[in-house]
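Below you'll find the structure, written out as structure tokens, and then a few comments.
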2 protein chains.
Amino acid sequence: MSRVFNDEPHVSDAVKRRVREAADALNYHPNVFAQSLVRRRSHLIGLVYEKPSASYVVELQMGVLDALLGERYRLIVIPVRSVHDNAHDVVGLLRAAALDGVVLAPPASDHPVILAQLAAAGIRFARVAPLRQLELGASTIIDDVAGARAVAAHLLALGHRDIGIVKGDPGHAASDARLSGYGQAFRAAGCEMRLDWIETGNFTLEGGTEAGARLLDRADRPTAILAQNDEMAVGVMMAARERGLSLPDDLSVAGFDDSEVSRIVWPRLTTVRQPVFDMAVAATEMLVAELEGRPGARHSHHDNQLLIRDSTVAPRSAGPGGA
Amino acid sequence: MSRVFNDEPHVSDAVKRRVREAADALNYHPNVFAQSLVRRRSHLIGLVYEKPSASYVVELQMGVLDALLGERYRLIVIPVRSVHDNAHDVVGLLRAAALDGVVLAPPASDHPVILAQLAAAGIRFARVAPLRQLELGASTIIDDVAGARAVAAHLLALGHRDIGIVKGDPGHAASDARLSGYGQAFRAAGCEMRLDWIETGNFTLEGGTEAGARLLDRADRPTAILAQNDEMAVGVMMAARERGLSLPDDLSVAGFDDSEVSRIVWPRLTTVRQPVFDMAVAATEMLVAELEGRPGARHSHHDNQLLIRDSTVAPRSAGPGGA
DNA sequence: AAGATTGCTGACATCGTTGTCCATCGGGGA
DNA sequence: TCCCCGATGGACAACGATGTCAGCAATCTT
């Protein structure tokens, strides 16, 4: 009898014990499918992401799993080749998976079609670091523009003027947000952000290496490079080493994210710390709270922080603040 | 009517079309719970692992997901704090998740209680890189001993004799297997593997840093260190840098796995390539084949390969082959 | 042309829970 | 002592698919 297992009232202890004994004797386990069928609950939560850097995915997943620890929800991982190419398929996939809810990582968290279709399909969602339509669903919010402004200002304050930029995947709203943050810092310092010194690296190590190579092979080589995430920054460092440059003296490199690689490489990478883990935890907790009908906040704000390490120094030809 | 959706024979085209139109009109989607209930299939596959290095998990997951791409199975990730402490709970967890099958990563793939209970619970499993009871279930097999022997032999051939060892988590059978491979190489070279130069690093970066620190703070400092995975090797490199040693001249370091970090660090790390991705793909394919009733191999063998890069050179005081 | 055979379709039991409804039992108040 | 009410436990429909079975129509055989 189901009342025993669900700890309902109006059941005597004697019956409780008797049922439990019988269950143990028969090696009984409740059938999850039947429960799900009648309760319309799968207790499955999806995590949708598009192959960004490995460390980002890992932190994201660890955050979600951490938040799910005390709950009876389980995590299904749903990597998507290209969110923009497959927006319709994605929601079909999610519906077919019978999820109770999904955590959306960028760039899915910013995709209007996905958001609209999820709402239409009645699947609850929580969004990690969205930049548009912030009112839709639960979300964890962070100011990419401010973080980017801070790291660019740091390089400018060191005296760099010839600064190359390695942009992330154009499909991520964060790419433009960070670029605009860089731009603000340039304007504040009274100098120009040269468009022909912007290369795209797609947030991957290889992309960063290639973008770095293009920037470093120019006749007018930059003295510093701003990469929009740490993987690409490491790629830039590899490209610099291949060209015999010594780091950080010949080239300053700054990243974004504070992912594990930023602490591993030598010199240690100057970067902007993004609390991906915390954001994943917060998003998951909001999602679960909603699914369980508990009241709670619908948004959480997170701060990023400039971490000045060893990969950024003043350019050779100029002292700090000089130009 | 279900016959239309399952593409069964004996249905006329007219009815097929009529049903499809009605389904579209009503925005009909089959109920996964009801299907699962009557078919006794969840189409969920679990991946059980214990927080080893991040890159290992990522490669593992990517492999499983890759193998699942064409299939209608979905992946549930099940990280376990400590397999040895929670062996009984683990299977309870898996049963509660209504999984069709699980892919077991080390050390769960070598845990007799887990294997026995899975068999008892009727949950199919595929094992990645097991070292014991190889006949149980489907498995992907690799010769850890040979890989370890090769990398140790490489250091010995370079002329190193004072070689420290950073061991992995004692709970992983691979730790002992790799140690015994090292031992074979030492014996073949006619020298002794000093037990007091073995430190444990638990397969983590931090563990590697601490173990490296202990080895490098000795009065009789080793000229080379063998780490049982790349994360620990990087940790050793960080400890060496903190002590002002220059790499690789003052200290040769070799890792194991060929994880992404091994290519990122400077100097690039000598290591043993383990095809984790391929093993995950193979294990998953075998599992799915079994679940689908397709015939197929129950075991796949994989090779590892010594990758000599920049982190290992002859010791200062001796030429190659010298002693 | 009538019976046999095959193709197609609708009806219905089934899977294992949940939750509602109803019958029963026991105790306390009138 | 009788009645009423709350506590308790059993019976049963519902969830939404699947798959079997039986019935009917159409075609083939003789």
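Only this structure's heavy atoms are used, side chains among them; waters, hydrogens and symmetry mates stay out. Chain naming here is simple, since letters A, B, ... match the order of the sequence lines and numbering starts at 1 in each. Being a predicted model, the structure only gives us computed values, none of them experimental.
Which of C:dG19, C:dT17, D:dA17 sits closest to the side chain of A:Arg39 comes down to C:dG19.
A salt bridge does not link B:Glu135 with B:Arg298: every distance from a Lys NZ or Arg NE/NH1/NH2 to an Asp or Glu carboxylate oxygen is 4.0 Å or more. Using a cutoff of 4.0 Å between basic side-chain nitrogens and carboxylate oxygens, B:Glu71 and B:Arg294 are scored as salt-bridged.
Nucleotide D:dA17 holds its P atom 11 Å from the NE2 atom of B:His29, rounded to whole Å. Atom CG of A:Leu37 and atom P of D:dG16 are 7 Å apart (whole Å). Spacing between atom CZ of B:Arg41 and atom C1' of D:dG16 amounts to 20 Å, rounded to whole angstrom units. Going from atom CG of A:Asn31 over to atom P of D:dA14 covers 21 Å, rounded to whole Å. In this structure, CD of B:Gln35 is placed 13 Å from C1' of D:dG19, rounded to the nearest angstrom.
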Item checked: Criterion side chain to side chain donor-acceptor pair (under 3.5 Å) on A:His302 and A:Ser300, from CA distance to verdict -> CA-CA 7 Å; A:His302 299 257; A:Ser300 76; 2.8 Å; yes
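Between B:Arg40 and C:dG16 there is a side-chain polar atom (N or O) within less than 4.0 angstrom of OP1 or OP2.
The backbone N or O of B:Arg273 sits nowhere less than 3.5 Å from a side-chain atom of B:Asn304 that would complete a donor-acceptor pair.
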